[in-house]
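Below you'll find the structure, written out as structure tokens, and then a few comments.
Quick caveat: nothing in here was measured; it's all calculated off a predicted structure. Residue numbering restarts at 1 for every chain, and letters A, B, ... go by the order of the sequence lines.
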Amino acid sequence: MPSAPVTEDSHLYLIDASAYIFRAYHALPPLTRASDGLPVGAVSGFCNMLWKLLEELKGGERPTHFACVFDKSSYSFRNDLYPEYKANRDEPPEDLRPQFPLVREAAVAFHTHALEQEGYEADDLIATYARQAEAKGARVTIVSSDKDLMQLVTDKIHMLDTMKNKQIDADAVFEKFGVTPDKVIDVQALAGDSVDNIPGAPGIGVKTAATLLEEYGTVEELLERAEEIKQPKRRQTLIEHAEQVRTSKLLVTLKDDVPVEVALEDLAVADPDPKTLIDFLEKMEFRTITRRVRETFEAEGVIDETTAGDIGFDAENYVCIRDFKTLEDWIARAHEAGVIGLDTETNSLDCQTCDLVGISIALSPNEACYIPLGHIDPDHSGGSDMFDADPPRQIRKEDALKALKPLLEDPSVLKVGQNFKYDYTVFARNGIHVTPIDDTMLISFALHAGMHGHGMDELSERYFHHSPIPFKEVAGTGKSQITFDRVPLDKATEYAAEDADVTLRLWQHFKPWLHREKVTTVYETLDRPLIPVLAGMERAGIKVDRDHLSRMSSDFAQRMAGLEDAAYKAAGGEFNMGSPKQIGDILFGEMGLPGGKKTKSGQWSTDASQLEYLAAQGHELPQIILDWRMLSKLRSTYTEALQDAINPETGRVHTSYSMAGAQTGRLSSTDPNLQNIPVRTEEGRKIREAFIAEDGNVLISADYSQIELRLLAHIADIDALKNAFKEGLDIHAMTASEMFDTPIEGMDPMVRRKAKAINFGIIYGISAFGLANQLGIERSEASDYIKAYFEKFPGIRKYMDETKDFAKDNLFVKTAFGRKLHLKEMNSKNGAQRAFAERQAINAPIQGSAADIIKRAMIAMPEALAKKKLDAKMLLQVHDELIFEVPEAQAEDTIETVRKVMEKAPLPALQLSVPLDVDARAAKTWAEAH
DNA sequence: GCGATCACG
DNA sequence: GACGTACGTGATCGCA
């Protein structure tokens, strides 16, 4: 650490760190480290404060000497004077305690002294250094708002409350105590202090103390002449408690001659070591301040950017291509590069219907271009003067695409995209089949599922400490938002070229990690090849009978109106049937029915299980609400919304599959969600009748039977289960028979139902609470069932324990095909969080392996169908089910091929020890085919 | 923008 | 002994 003499030009900063920690803890919102839940709110506040003081204070305020001062322990010489000193302090809160050592670590990371000394409080050290510096004519700033330090204030020594950003000088002290700083200890001695347990004189507060001191000068003088005090009460108090007041003065007087271990000169401010500081901040996972610190260091040129692997972003180098010659030049350079970042800009978020507006290409970091192709009025902003608008000078779309096509289809040039299924579809609609490809979103997902999201902005911030321009910034937001074709070209170029740039950089950053993390195969055989398959399914869409939906909608609306009348009658007045809040108030408030559970927000819960319970007791209104809710759900989410989703050009509904949404590796379906079309109730199933085949065609539905239980049997290696599947037994009946020791023949359906619930429960990471809830039985009974199950199938318990142990050690679990799901809460101190992670650890390998298998089937499917010269088109995936559309005459052959591909899907990567069974049927509607 | 609810596997 | 609980999703509505 450097040393420098303290002179009149010096400015010493003393941070009252111990007091700061408590204040930050209470004043700042709680913050925990994302990866393990470690509480770090006070540490974060401390780091921000230090950084601000050290780096952002420019000019005369900048410190020349600097130190953070801590309390060493709770004991000090004051305890010898007065054993009760600070005796009323509570232990620091549980989630503050681990932060004390971290704050000391932070002080060191910032390259400042972390001072503490046995037997003295931080305040005494501060007093000593402050007085020493003052004696040399230096200025002193004490960073604290603690009133105990106010006695130190002089015209050289000030205090600074960083949270309120307020200087505390002699005037401010006078305002608080009614005396000048040198008399503060006298006021405190008289008034006492409940926080520090300083007794003072009973009945005398700050105001009275100030008045008395005005007349008598000091405590000593006052006590000497106590007999002269006119008010009898005060006189008596002061005479009686004279000794106590003298002790109090000793307690509040800071010791300014501590034999300090570090000399004042050695507190000279030192530049932090960039690597040490950034490493610490990154370890704490403070994203914002890490970025700020990094940027400052970069600006000051103290970080070697290339060794950090981070080449700064510089939009200056982005090029807007508006003439053909330049485009040809970039295409040639792209061939040369061999790998390019690629991104498309469109005029809507729906890649099925949008128009291509522009293309961006990145060749290397900071070397990127944007090719506008469909911009309107690019030289005016927002088209306010449409009549004057000149068409922008941009390359004709057909010409550009024609020139780009060979590049985009060139097998020797890798095209890297982020969420590339979108761009793939846009290009496909323009007659270009982009290949070969990589997708940074999917690479991130293969590497880090469960650790963080996989959106580009988040990845860029996390790995490059760079925030790409938000879309909102170029297009605006809300009602005044414009489509990308109206964004002026300069802004469009900055935004679009940056996206391609970031994408290429992400690829460079991630690619080596695929091997290191052993997920190359997952990415290359399960995720990447699925892109064109899903793109094809989304483009194909499924035919939906609008009239059928429309008729159902009217029918539902009528019946809902009837139910509304009945409900108002039963409730004795009108209310909003769609408001759970109002329903709760009526049922449990006005009608006084016995309320069940409450929701998190304190409202009465009115979910189906609650209403069913009330209905079963013979109450009318709950049943009406249940019936209405079902119809309302079916109508708003399905019969109405699905009509709007029909693409007018194709007459079909085109969903969009999300490939990196579900943590376990499952797909999800949005806009609209076609994976949750009703089937469980009679009424709901009718909606599936609206999903139909084109004339002359049929729909085929093929689904895996019990795939997750089969995988459990295989993964946990349970002979009894495996044999049951091999023999084609009813697995739930078999389980019941084993558990309850009854023959399968003539089994009570209730018994089988229990076993079925347990089988599902096992897959979910069973708990007595959950099982009891599911079956509507007592928790103790559920507990007995689980016990019986584990006695019959000890291998399952063993599998569960081993899986949990693995997850605790490695913080991830794997599917049978090697897909990883990271579970960072496995060792959380929070019991509920940990239990949740444990159940995920049980479930994810099973659910994820099933997802992997159907993905393999889907990837193999197009070729298998083509080979058999079948015209079947794969349309939908619903986790364990695939829907196809095929000319009627080919239905049987298609079923045969589909079944074979699905049943053999794990091969050759994995030979399951149980057979996979596939049920398949052909029909005119999805309702019948399922 | 969030919680409650409910549709699916 | 209390806590908070079945796994994975997405859409709609009311409400602040």
Worksheet item: Base, sugar-phosphate, or nothing: which does Ser632(A) touch, judged by heavy atoms less than 4.0 Å apart?
Response: nothing
Worksheet item: If you check the Ala608(A) side chain, which of dA4(B), dC6(B), dG8(C) turns out closest?
Response: dC6(B)
Item to complete: Could you give the distance separating dT5(C) and dA4(B) at their P atoms, to the nearest angstrom?
Response: 12 Å
Discussion item. In terms of relative ring orientation, are Phe691(A) and Trp926(A) parallel, tilted or perpendicular, with 30° and 60° separating the classes?
Written reply: perpendicular
Discussion item. Distance to the ring centre below 6.0 angstrom and angle to the axis at most 45 degrees; does that hold for Arg635(A) and Phe556(A)?
Written reply: no
Practice prompt. Describe the nucleic acid contact of Ala641(A) in one word from base, sugar-phosphate, nothing, applying a heavy-atom distance below 4.0 Å.
Written response: sugar-phosphate
Item to complete: For residues Phe740(A) and Tyr785(A), establish whether the separation of their ring centroids is below 6.0 Å.
Response: yes
Worksheet, complete the sentence: The nucleotide from dA6(C), dA4(B), dT9(C) with an atom nearest the side chain of Pro580(A) is dA4(B)
Worksheet item: Which one, dC15(C), dG8(C), dA7(B), comes nearest to the side chain of Asn843(A)?
Response: dG8(C)
Worksheet entry | Touch class at under 4.0 angstrom, heavy-atom based, for Gln582(A) against every strand present | sugar-phosphate
Worksheet item: Where the side chain of Asn673(A) is defined as all heavy atoms beyond and including C-beta, which of dG10(C), dA4(B), dT5(B) is the nearest nucleotide?
Response: dG10(C)
Worksheet item: Which one, dG9(B), dA7(B), dC7(C), comes nearest to the side chain of Asp880(A)?
Response: dG9(B)
Practice prompt. Please determine if a side-chain N or O atom of Gln877(A) lies less than 4.0 Å away from the OP1 or OP2 oxygen of dG9(B).
Written response: no
Fill in: N/O (side chain, Ser668(A)) to phosphate O (OP1/OP2, dG10(C)) under 4.0 Å
yes
Fill in: Pair Arg666(A) + Glu708(A): basic N to acidic O under 4.0 Å
yes
Worksheet item: What is the nucleic acid contact for Ser767(A), judged by heavy atoms within less than 4.0 Å: base, sugar-phosphate only, or nothing?
Response: base
Worksheet item: Can you say whether the rings of His822(A) and His448(A) are parallel (under 30°), tilted (30 to 60°) or perpendicular (over 60°)?
Response: tilted
Worksheet item: Taking CH2 from Trp628(A) and C1' from dT12(C), how many angstroms apart are they, rounded to a whole number?
Response: 11 Å
Discussion item. Applying a 4.0 Å non-hydrogen cut-off, can you work out what Gln847(A) is touching in the nucleic acid: base, sugar-phosphate, or nothing?
Written reply: base
Worksheet item: Would you say Ser669(A) reaches dT9(C)'s phosphate, i.e. side-chain N/O to OP1/OP2 under 4.0 Å?
Response: no
Worksheet entry | Closest listed nucleotide, where the reference is the side chain of Arg629(A) and the choices are dC15(C), dC8(B), dC6(B) | dC6(B)
Practice prompt. May I ask you to say what Gln603(A) touches in the nucleic acid, namely base, sugar-phosphate or nothing, with a heavy-atom cut-off under 4.0 Å?
Written response: nothing
Practice prompt. Using only side-chain N and O atoms of Arg839(A), determine if any of them is under 4.0 Å from OP1 or OP2 of dC7(C).
Written response: yes
Worksheet item: Counting any heavy atom closer than 4.0 Å, what does Asn773(A) reach on the DNA or RNA strands: base, sugar-phosphate only, or nothing?
Response: nothing
Worksheet item: Touch check for Phe760(A), heavy atoms < 4.0 angstrom, all strands: base, sugar-phosphate only, or nothing?
Response: nothing
Discussion item. Does a side-chain N or O of Thr599(A) approach OP1 or OP2 of dA4(B) to a distance below 4.0 Å, or not?
Written reply: yes
Worksheet item: Looking only at side-chain N and O atoms, does Thr655(A) come under 4.0 Å of OP1 or OP2 in dG10(C)?
Response: no
Discussion item. Checking contacts here: which listed nucleotide (dT12(C), dG9(B), dC7(C)) is nearest the side-chain heavy atoms of Gln840(A)?
Written reply: dC7(C)
Discussion item. Does Arg680(A) contact dG9(B) through a side-chain donor or acceptor facing the base, at a distance under 3.5 Å?
Written reply: yes
Discussion item. In this structure, how many angstroms lie between the P atom of dG8(C) and the OH atom of Tyr657(A), rounded?
Written reply: 21 Å
Worksheet item: Considering only heavy atoms and no angle criterion, is a donor-acceptor pair shorter than 3.5 Å present between the side chain of Arg779(A) and the base of dT5(C)?
Response: yes
Discussion item. Can you work out whether Gly761(A) or Thr637(A) has the more 5'-proximal nearest nucleotide on DNA chain C?
Written reply: Gly761(A)
Worksheet item: On a whole-Å scale, what distance lies between the C1' atoms belonging to dA6(C) and dC2(B)?
Response: 24 Å
